[in-house]
Amino acid sequence: MALQIYNTLTGKKEEFVPLEPGRVKMYVCGITVYDLCHIGHARSAIVFDVIYRFLMSLGYEVSYVRNFTDIDDKILRRATAEGVDYRTIAERFIRTFHEDMEALGLLPPTMEPLATEHIPEMIGIIRTLVEKGVAYKAGTDVYFSVERFSGYGRLSGRELEDMVAGARVEVDENKSNPLDFVLWKGSKPGEPAWESPWGPGRPGWHIECSAMATKYLGTTFDVHGGGKDLVFPHHENEIAQAEAAFDAPFAHYWVHNGFVNINNEKMSKSLGNFVTIRDVLECVHPESLRLFVISKHYRSPVDFCDETVGEAERGLERLYSTVETALERTAKDGGADYPDDVLKKQDVELYEKWESLPALFAEAMNNDFNTAQAVGYIFALQRNLQRFLDKFGRKNLKGPAARLAALAADSLLKHCRVMGLLMLEPEVFFDRQRKLKLKTSGVTEEELNDLIALRHKARLEKNFAEADRIRKELEEKRIQLEDFPEGTKWRVSLQPPVG
RNA sequence: GGCGGCAUACCCAAGUGGCAAGGGAGCGGUCUGCAAAACCGUUAUACAGCGGUUCAAAUCCGCUUGCCGCCUCCA
């Protein structure tokens, strides 16, 4: 089955046919750089990162553009509050954004243009709109006239009349229709300003995306994405501006991700339930957050709470653990080839899960990026592989058994990596995971190692009361000891990120 | 007031016409000095309710109830 994408514009799943065979042009609205990013931004970024990776895995050459809004009221407000230039604020939060995205393991987009570096392009579009009579100057501002664009409201599925009727739109005596939106804002004294045919000012919010998207991807391109909240008015306005100016359809497929709630409440600054990406990454591995996000369909709302994140984390550890075990036990003897029927005889169910995964995975992902279903198929293979490994006790696998296990592990890795999971060597993952978690427990690695040594001595002396006392003491600090023939390992359970 | 979405086991969550994926948690077992991890077994005559279409419905249609989002900056 070919890739189907749910298109907000039509409200239906549609077969994806790119404008140019083999190439995809995708624009995703980035952030306004005035504060640290929260997990809602993380969800959006992860969702589109998975889409980006999946499109590339299908063999497409993808041009992926994600912008920064680096001039805006909120940036100016913060700059004034701190007594610095707006650029200082913008640069700071571009930097923190990049740090967060890198920490989350996101691939960088093809391009990350800044609004302020595209003022001439925006002025060009506004000039065209004014010349066509679709935009008008009022006072020091220039507005887009929604009545002059017949398709207005198509994306968000509303009629102009309905919107005006019950709208909570601020009355502005400059506008001829309350829904008209600003293209160019005359600047007040002391504000940053650019020269324009309408006097010094700065661009309105929506125009930058129309300008940057068309500049880098052409007047018509394939995919435009962003959070659900951007459907109206932002994306509606982008379409109006671009199509009115260029007389060409703007984006073909509109993709919108759902929101993140916290403990079933909408996340917002006023409710004080705002969780930044860096807060979460203090106690949760980035891939756990990623698995949490992709365990649910991207269009549904998702509830972020200790329990749901903890579930994702345990699932991720299981994936890594199975892959690690399989790689270790097949390292010596997993490379030689055997006929299919020989492999199948090793374990029919495992063989079938392994054999069917590529098609099932593709089918799930082709069905509007159904990562949740894809994850389900991956876990089914993981469980069968782990079961197969357990049959051999702690021994290394040999011959066709080793081969089958190695193939299954490779398949797990390969498919997970299309979604940006299992990107680390398992031992690196577990090492980082332990160090990250230990920090949240308040115990240093030295203290822990001393206690483990002490307990080891007690166990040798069969002083199990003392050994259990140490176990219990550490358990109270969320540290779980695991005894193996080769020594004692430890793990730390999740520090609740939400509280 | 307008537009849209959702309701599947104890929890999370796929499934959108043909025997209800997957994960977490619980319980019983194997293993262990004890644990943990892992594995095995177990947990929905059933998909908010009512009615309809169909040989067949969680899946389509209608109504009811309950949650939620957007219409203002917002991922």
Side-chain angles (χ1 to χ4, degrees), chain A residues 8 11 13 28-32 34-35 37-48 69 72-74 153 156-159 161-170 179 205 225-234 236 256-261 264-269 291-292 295-297 299-303 305 307-319 321-322 325 360 364 367 370-383 386-391 393-394 459 462-465 467-468 471-472 475 479-485 488-491 493:
Chain A
T8 308
K13 277 185 206 170
V28 176
C29 286
I31 57 157
T32 300
Y34 75 104
D35 205 350
C37 286
H38 53 68
I39 54 175
H41 297 110
R43 182 183 193 190
S44 187
I46 290 168
V47 162
F48 287 101
T69 299
D72 146 283
D73 287 343
K74 294 186 290 297
S156 47
R158 16 185 133 208
E159 304 289 333
E161 305 84 74
D162 298 338
M163 289 193 263
V164 182
R168 294 176 282 163
V169 180
E170 210 177 301
L179 289 165
W205 172 37
K228 253 191 171 74
D229 51 336
L230 296 179
V231 174
F232 190 90
H234 184 54
E236 194 71 72
H256 293 100
N257 66 273
F259 269 27
V260 177
N261 292 330
N264 281 316
E265 269 185 332
K266 184 183 166 168
M267 181 170 62
S268 77
K269 288 196 171 173
L291 181 57
F292 164 75
S295 291
K296 193 152 182 181
H297 189 88
R299 282 189 278 119
S300 312
V302 64
D303 189 45
C305 64
E307 198 182 346
T308 51
V309 177
E311 284 172 14
E313 177 165 278
R314 284 185 288 278
L316 181 68
E317 286 177 355
R318 252 150 58 81
L319 283 172
S321 165
T322 298
T325 308
L360 291 172
N367 182 14
N370 194 337
T371 50
Q373 190 171 47
V375 166
Y377 293 138
I378 282 170
F379 273 106
L381 177 60
Q382 177 273 330
R383 194 151 53 91
Q386 182 65 52
R387 185 186 302 163
F388 185 65
L389 294 169
D390 279 5
K391 281 204 290 202
R394 314 184 60 82
R459 289 179 74 209
K462 304 245 186 254
N463 183 357
F464 294 125
D468 289 347
R471 173 190 291 291
K472 195 142 185 262
E475 261 166 20
I479 299 169
Q480 175 66 49
L481 298 181
E482 299 177 6
D483 296 326
F484 291 91
T488 297
K489 292 186 182 174
W490 51 272
R491 58 168 64 218
S493 61

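Computation of the quantities below employed the complete heavy-atom set of this structure, encompassing side-chain atoms and omitting hydrogens, waters and symmetry-equivalent molecules. This structure is a prediction, so every number in the text was calculated from the model and none was measured. Chain naming here is simple, since letters A, B, ... match the order of the sequence lines and numbering starts at 1 in each.
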Kindly write out the residues that satisfy side-chain contact (heavy atoms from CB on, under 4.5 Å) with [X], not counting sequence neighbours, or none if the list is empty.
| X | result |
| --- | --- |
| D35(A) | R78(A), F93(A), K269(A) |
| R314(A) | E311(A) |
| P233(A) | H206(A), N237(A) |

Taking [M] as the reference, what is the distance to [N] when you measure between their [atom1] atoms (whole Å, please)?
| N | M | atom1 | answer |
| --- | --- | --- | --- |
| A57(B) | G18(B) | C1' | 10 Å |
| C70(B) | A75(B) | P | 12 Å |
| G24(B) | C39(B) | P | 8 Å |
| A25(B) | G62(B) | C1' | 39 Å |
| U43(B) | C27(B) | C1' | 9 Å |
| C71(B) | A14(B) | C1' | 31 Å |
| G17(B) | G52(B) | C1' | 16 Å |
| G29(B) | G23(B) | C1' | 22 Å |

Looking only at the side chain of [X] (C-beta and beyond, no hydrogens), which of the listed nucleotides [options] gets closest?
| X | options | result |
| --- | --- | --- |
| A467(A) | G33(B), A75(B), A35(B) | G33(B) |
| P233(A) | A75(B), G33(B), C73(B) | C73(B) |
| H38(A) | A35(B), C39(B), A75(B) | A75(B) |
| R459(A) | G33(B), C70(B), A75(B) | G33(B) |

Measure distances between side-chain N and O atoms of [X] and base N and O atoms of [N], and say whether any donor-acceptor pair falls under 3.5 Å.
| X | N | answer |
| --- | --- | --- |
| R471(A) | A35(B) | yes |
| R299(A) | G5(B) | no |
| D72(A) | C73(B) | no |

Give one of base, sugar-phosphate or nothing for [X], where a contact means two heavy atoms less than 4.0 Å apart.
| X | answer |
| --- | --- |
| S156(A) | sugar-phosphate |
| K391(A) | nothing |
| G40(A) | base |
| F232(A) | sugar-phosphate |
| V47(A) | nothing |

Okay, side chain of [X], backbone of [Y]: is any donor-acceptor separation there less than 3.5 Å?
| X | Y | answer |
| --- | --- | --- |
| R471(A) | L481(A) | yes |
| N367(A) | N370(A) | no |
| T308(A) | C305(A) | yes |

Using atom [atom1] of [X] as one end and atom [atom2] of [N] as the other, report the distance to the nearest whole Å.
| X | N | atom1 | atom2 | result |
| --- | --- | --- | --- | --- |
| D483(A) | G33(B) | CG | P | 9 Å |
| L360(A) | G22(B) | CG | C1' | 12 Å |
| Y377(A) | G23(B) | OH | P | 13 Å |
| H256(A) | G5(B) | NE2 | P | 15 Å |
| R394(A) | U32(B) | CZ | P | 11 Å |
| F484(A) | C34(B) | CZ | C1' | 15 Å |
| Q386(A) | G22(B) | CD | P | 17 Å |
| L230(A) | C70(B) | CG | P | 12 Å |

Practice item. Identify, with sequence neighbours excluded, every residue that meets salt bridge (Lys or Arg N to Asp or Glu O under 4.0 Å) alongside D73(A). Key: K185(A), R202(A)
Kindly list each side-chain donor-acceptor pair under 3.5 angstrom involving residues 375-383 of chain A, sequence neighbours excluded, with atom names and distances?
residue	atom	partner	partner atom	Å
Q382(A)	NE2	T322(A)	OG1	2.7

Shortest non-hydrogen separation from [X] to [Y] and the atoms involved:
| X | Y | value |
| --- | --- | --- |
| F232(A) | S156(A) | CD1-OG, 3.3 Å |
| D303(A) | N261(A) | OD1-O, 3.4 Å |
| A364(A) | A374(A) | CB-N, 3.8 Å |

Review point. Do K472(A) and D468(A) touch side chain to side chain, with heavy atoms closer than 4.5 Å?
Key: no
Point to revise | Pairwise side-chain contact, E317(A) with R491(A), heavy-atom cut-off 4.5 Å (strictly under) | key: yes
Check your understanding: With the threshold set at 4.0 Å, does a side-chain nitrogen-carboxylate oxygen contact exist between E236(A) and R158(A)?
Key ->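 No, E236(A) and R158(A) are not salt-bridged.
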Interface polar pairs with nucleotides 67-69 of chain B, N/O, under 3.5 angstrom:
none

Practice item. Between V375(A) and C29(A), just flag the one whose closest nucleotide in RNA chain B comes earlier from the 5' side. Key: V375(A)
Point to revise | Closest-nucleotide ordering on RNA chain B, the 5'-leading residue of T308(A) and E475(A) | key: T308(A)
Return the polar atom pairs (N/O with N/O) between nucleotides 24-31 of chain B and the protein under 3.5 Å, or none.
residue	atom	partner	partner atom	Å
G24(B)	OP1	R318(A)	NE	2.7
G24(B)	O3'	R314(A)	NE	3.0
G24(B)	O2'	R314(A)	NH2	3.3
A25(B)	OP1	R314(A)	NE	3.2

Mind checking ring pair (Phe, Tyr, Trp, His ring centres under 6.0 Å) for [X] and listing every partner two or more places apart, or none if nothing turns up?
| X | value |
| --- | --- |
| F292(A) | F304(A) |
| F259(A) | none |
| H256(A) | H235(A) |

Interface polar pairs with nucleotides 15-20 of chain B, N/O, under 3.5 angstrom:
residue	atom	partner	partner atom	Å
G15(B)	OP1	N370(A)	ND2	2.5

Check your understanding: Where are the stems of RNA chain B, defined as at least 3 consecutive Watson-Crick or wobble G-U pairs with both distances under 3.5 Å?
Key ->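 For RNA chain B the paired stretches long enough to count as stems (3 pairs minimum) are B:1-7 with B:65-71, B:10-12 with B:22-24, B:26-30 with B:38-42, B:48-52 with B:60-64.
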